[in-house]
> 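Before I ask anything, let me first share the structure, which is written out below as structure tokens.
The chains referred to below are lettered A, B, ... by the order of the sequence lines, with proteins before strands, and numbering in each begins at 1.
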Amino acid sequence: MNQQDHFYQRVYQVVAAIPRGCVTTYGEVAMLAGSPRAARQVGGVLKRLPEGSKLPWHRVVNRSGKISLTGPDLHRQRRALLAEGVDVSEDGRISLSRYRWHI
DNA sequence: AGCGTGACTCCTC
DNA sequence: AGAGGAGCCACGC
């Protein structure tokens, strides 16, 4: 993979590299993907993942340490995180200082 | 070629 | 802390 790849391909790589039990932010993914101000678009990429994707999309939260999804989707992401040991409050809050992934 | 759209972020109160 | 507003930018149409 090189720097000419489409944005979404780079997002795939970055998200795939997030270790189990850790989280990171949309902005961080955007930065590591080489487009530091495209955080919104990261959300767009994850939203359109194919159904059977193995990408750990649930390890991406927003800058304030909260799950950005709502309703049943929020619940789905929360369960996925709880399953790998990340403590998520019922409204989707996560302690970034505790779980944040940095290289 | 625009233009509307967000699973966002930053800045200011 | 947290709400409100403006900026951003890859995508789809």
> Tell me whether the side-chain N/O atoms of A:S64 come closer than 4.0 Å to OP1 or OP2 in C:dG2.
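False: A:S64 side-chain N/O out of range (4.0 Å or more) of C:dG2 OP1/OP2.
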
> Could you check whether A:R63 pairs with A:E28 (Lys NZ or Arg NE/NH1/NH2 to Asp/Glu carboxylate O, under 4.0 Å)?
no

> Can you check whether A:R37 has a side-chain N or O nearer than 4.0 Å to OP1 or OP2 of B:dT9?
no

> For C:dC9, does either OP1 or OP2 sit under 4.0 Å from a side-chain N or O belonging to A:S35?
no

> Is a donor on one side and an acceptor on the other found under 3.5 Å between the side chain of A:Y99 and the backbone of A:D87?
yes

> For A:Y8 and for A:R93, locate the closest nucleotide of DNA chain C by heavy-atom distance; then report the residue assigned to the nucleotide nearer the 5' terminus.
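Whichever sits nearer the 5' end wins; that is A:R93.
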
> Quick one: pull up CG in A:N62 and OG1 in A:T25 and give me the separation to the nearest 0.5 Å.
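A:N62 CG to A:T25 OG1: 8.5 Å, rounded to 0.5 Å.
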
> Is the phosphate of B:dG6, meaning OP1 or OP2, less than 4.0 Å from a side-chain N or O of A:R48?
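Negative; the distance criterion is not met.
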
> With heavy atoms under 4.0 Å as the rule, sort A:G27 into base, sugar-phosphate or nothing.
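Here A:G27 touches the backbone only, sparing every base.
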
> Find out whether A:R78 and A:H58 are in side-chain contact, i.e. whether some heavy atom of one side chain is under 4.5 Å from a heavy atom of the other.
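Contact flag for A:R78/A:H58 side chains = no.
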
> Nearest of B:dA7, C:dC11, C:dC9 to any side-chain atom of A:W57?
B:dA7

> Look at all strands and tell whether A:Y26 reaches a base, only sugar-phosphate, or nothing, counting heavy atoms closer than 4.0 Å.
base

> If each of A:V45 and A:R40 is mapped to the nucleotide of DNA chain C with the nearest heavy atom, which maps nearer the 5' terminus, i.e. the 5' end?
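By nearest-heavy-atom nucleotide position, the 5'-most residue is A:R40.
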
